[in-house]
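FYI, side chains are in, hydrogens and waters are out, and symmetry mates aren't considered; it's all heavy atoms of this structure. Atoms within a ligand are numbered from 1 in the order they appear, just like the ligands themselves.
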Amino acid sequence: MRIVLVGPPGAGKGTQATRLAEKLRIPHISMGDLFRANISQQTELGQLAKSYMDAGNLVPDEVTIAMAKDRLEQPDAKGGFLLDGFPRNVSQAQALDDLLQTEGIKLDAVLDLEVPEEEVIKRIAGRRICRKDSSHVFHVSYSPPKTEGVCDICGGELYQRDDDSEETVRKRLEVYHTQTEPIIDYYQAQGLVVTISSQGPVDEITQRVLEALKRDDA
Ligand code: AMP
């Protein structure tokens with residue numbers, strides 16, 4: 001399957017993407033993780049991306065689209081993929097369509113994870129991520145680790161993302177509404193959008209998505 005995951009920051013895109021990718025046996029491609037990997041390896045791209053990310057803005061299309069293309073051309077993405085955080089504006093969506101068209105393939109679904117705005121702020125303010133594996137995500141009140149600051153799964157150090165401060169989250173939400181939300185209409189016109197409520201236990205949300213994808217398939 002070829003799936004795009006859309007939703008505001010804190011909608012649980014990363015959490016759901018990790019689980020869905022495993023169940024559907026497709027690679028999870030997270031743009032944010034690709035940028036963060038570049039930041040920790042101190043590449044030139046990482047330096048550039050960090051300045052935009054820390055301000056809550058989108059990294060320029062030119063760099064982002066080139067990075068997404070490069071990743072999608074890797075052999076493991078040939079049989080399907082779950083794109084988390086790309087596209088994030090209409091020109092990226094058009095670039096993705098062009099790429100898929102060249103390869104003669106199509107998206108199967110665009111999953112739109114919905115969550116109320118007050119909930120987003122609470123989720124992000126308490127979010128803590130493992131330095132060793134970004135799919136290990138905790139929350140200081142909703143899913144606290146057994147030992148503060150330490151990942152239950154691998155013992156890695158837990159940290160708060162630089163762009164998870166309340167001020168940056170508000171900016172990221174504004175960017176989401178103005179730049180990313182329009183892609184929902186764009187994909188709606190292609191009949192690809194599946195809207196899922198991202199509230200409730202994580203397992204239930206995954207189940208909801210899998211059911212909706214099955215229905216969508218039929
Ligand atoms: P995420 O981990 O998906 O929340 O992404 C973190 C940050 O990375 C975003 O706030 C943007 O600054 C940047 N980013 C991720 N995906 C994209 C994209 N498709 N286009 C531009 N910037 C992006």
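Looking at Arg161 against ligand 1, only its side chain comes within 4.0 Å, counting heavy atoms. Under 4.0 angstrom from ligand 1, the non-hydrogen atoms of Arg172 all belong to its side chain. Contact annotation for Thr64 and ligand 1: only side-chain heavy atoms (C-beta onward) come within less than 4.0 Å of the ligand.
Ligand 1 has no N or O atom lying under 3.5 Å from any N or O atom of Tyr52, backbone or side chain. Checking only distances, Gly56 never comes within under 3.5 Å of ligand 1, N or O to N or O.
Nearest protein neighbour of atom 14 (N) of ligand 1, counting heavy atoms only, is Phe35 CE1, 3.7 Å. Protein heavy atom in closest approach to atom 3 (O) of ligand 1: Arg88 NH1, 3.0 Å. At the top of the distance list for atom 11 (C) of ligand 1, counting protein heavy atoms only, stands Asn57 O, 3.5 Å. Among protein heavy atoms, atom 22 (N) of ligand 1 sits closest to Val59 N, 3.0 Å. In terms of protein heavy atoms, atom 20 (N) of ligand 1 is closest to Gln92 NE2, 3.0 Å. Nearest protein neighbour of atom 13 (C) of ligand 1, counting heavy atoms only, is Met53 CG, 3.8 Å.
Between the side chain of Asp84 and the backbone N or O of Leu5 there is no donor-acceptor pair closer than 3.5 Å. Formation of a donor-acceptor pair under 3.5 Å by the Ser198 side chain with backbone atoms of Ala11 is found in this model. A distance-only check finds no donor-acceptor pair linking the side chain of Asp108 to the backbone of Ile3 [under 3.5 Å]. Judged by distance alone, with hydrogens and angles left aside, the side-chain atoms of Arg172 form a donor-acceptor pair with the main-chain N or O of Asp163 at under 3.5 Å.
Side chains of Gln16 and Thr206 form a contact here, defined as non-hydrogen atoms less than 4.5 Å apart. In this structure, the side chains of Phe86 and Thr64 come closer than 4.5 Å at one or more pairs of heavy atoms.
Set against the non-hydrogen atoms of Leu58, the atoms of ligand 1 under 4.0 Å away are 21 (C), 22 (N).
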Report task. Given salt bridge (charged side-chain N to carboxylate O under 4.0 Å, His left out), test Glu204 with Arg208 step by step and report yes or no. Result -> CA-CA 6 Å; Glu204 266 176 37; Arg208 254 176 243 158; 3.7 Å; yes

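In the candidate list Ser134, Ala11, Gly85, Gly85 is nearest to atom 19 (N) of ligand 1, counting heavy atoms.
No more than 12 heavy-atom neighbours from other residues, nucleotides or ligands sit within 6.0 angstrom of CD on Glu22.
If you check the side chains of Thr43 and Asn38, you find a donor sitting under 3.5 Å from an acceptor.
For Arg36, the closest heavy-atom approach to ligand 1 falls below 4.0 Å.
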